[in-house]
2 protein chains.
Amino acid sequence: MMVDLVHTGLAGQAVAVLRELVLTGEIAAGERVNEVGVAQRLGISRGPLREAIRHLASEGLLVLTPNRGAHVPVTDNDGVRALFELRSALESAAARLAAERRTDADLAAMKEASAASREAFATGEFPYRLDLAFHRTLLDAARSPLVAEQVRLAQQRVILLRATKEVAFSHERASLDDHDALIEAITAHDGDRAGQVMAAHLARVRDQLLTTS
Amino acid sequence: MMVDLVHTGLAGQAVAVLRELVLTGEIAAGERVNEVGVAQRLGISRGPLREAIRHLASEGLLVLTPNRGAHVPVTDNDGVRALFELRSALESAAARLAAERRTDADLAAMKEASAASREAFATGEFPYRLDLAFHRTLLDAARSPLVAEQVRLAQQRVILLRATKEVAFSHERASLDDHDALIEAITAHDGDRAGQVMAAHLARVRDQLLTTS
DNA sequence: ACACTGCCAACTGTCGACAGTTAACAACTT
DNA sequence: AAGTTGTTAACTGTCGACAGTTGGCAGTGT
């Protein structure tokens, strides 16, 4: 993710730009990505752009169809459930590892992130970014680079989900309590409980994203 | 994985061929992949080959260095541990899901795979392939396509590990017992226990792959 | 012998052009 | 009118050539 910024070439820049276009919903769900058009728009040739498209496809931000190019995926409720099964698998494990390995510094960072969230919530704002920040502190505490990377990719797909569904994501108070429960379990080095709390937390977030049609 | 075979283009074929070259160790660990050389060897141009290289890099089978190309990763003990943290996260969750969702047909398939492994073990052979076959039946029972896909990718990286380390991988009897314990827990719809057994099983396999130097 | 400097070969990064495929539309048939 | 077939425009897939970068090596000086 931030690793991509080290990609100094045109392809790397194209990845960054395209990712932003997709995640902000500027390219709508289902919309196709025209290689020549986007390449001209970015002022590069098709080669690097193709590379960028394939890269984002490998992250699940685009889907490829042979001879038909790439388009932003449209996700139904089953897709949402499948995605959260993946995210829950990864992030519950991360919570368990964090409970086993956390230092006091990790704990302090998590508490700080939680406090910032509560403060923002008190003033009526609880942006998605703060929730992600908390989850990131937990990832740091887990000290498992591969798991962390996959968590980030899964979280990114959730962001895309929100961008396409245009769901106003005001976190509920319950999420704040979940976070604190997480901190408690991790403080107590209780890996099992941390994993369970994380799974319950993500189930709650998932249900927010399921369309009730 | 098998999906790649549907990639009818040259790039798709190149992915299949290159993957085999890497997984069989024909391209050794640490060895660099020369774009022009391999492209000529495959009778294609650099474009599709580049695409294939980037694809395998996204699967973790190659690592890219700016302006220096791709090479087969060399993994130390820490890397092995990190990989198995990921695999354990994914596959323990798969076991939990399998315990919740398995049908009788799933159970039959798992028992059949286990029986085949025991039979082969009795004759002195317990190829890696049979172990993978068992794990695949479990994945099918979990009915979680995204988790299944990530599990396959992680397993593939373990295969690469074995290819590069040239470790003779004779499964231990303990693995057979683990499999049966897994079947028991899944039969009883005991998700927690299935997850725990899977984690213990993978820890055993991991320790086999750690170099004791 | 060692360190530094300036080449140089090999490679990756990028580009523009061509070939192949697809889906949509128009024309024709029944 | 509905279905079928031919045509075509827009796109992706592929290629060969050029530009840029890197690491090594010969050469020079100390």
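Numbers restart at 1 for each chain; the letters A, B, ... are given by sequence-line order, proteins then strands.
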Quiz item: For S45(A) and A70(B), take the nucleotide of DNA chain C holding the closest heavy atom to each; which residue's nucleotide lies nearer the 5' end?
Solution: A70(B)

Quiz item: Do the ring centers of H55(A) and H55(B) come within less than 6.0 Å of each other?
Solution: no

Practice problem: Look at all strands and tell whether G47(B) reaches a base, only sugar-phosphate, or nothing, counting heavy atoms closer than 4.0 Å. | Solution: nothing

Quiz item: Is it true that the side chains of T103(A) and D106(A) contain a donor and an acceptor less than 3.5 Å apart?
Solution: yes

Quiz item: Side chains of E100(B) and H189(B): donor-acceptor distance under 3.5 Å anywhere?
Solution: no

Quiz item: Earliest and latest nucleotide of DNA chain C, 5' to 3', sitting under 4.0 Å from a non-hydrogen atom of chain B?
Solution: dC11(C) to dT14(C)

Self-check item: From L10(B), L49(B), L56(B), residue fulfilling side-chain contact (heavy atoms from CB on, under 4.5 Å) relative to V15(B)
Solution: L56(B)

Quiz item: About how many Å separate NE2 of H179(A) and CG of L138(A), when rounded to the nearest 0.5 Å?
Solution: 9.0 Å

Exercise. Check the distance between dG23(D)'s P and H71(B)'s NE2 and give it to me in whole angstrom.
Key: 12 Å

Quiz item: So which one's nearest nucleotide on DNA chain C is more toward 5', R68(B) or R46(A)?
Solution: R68(B)

Quiz prompt | Note, R19(A) side chain near V22(A) side chain (heavy atom, < 4.5 Å) | solution = no

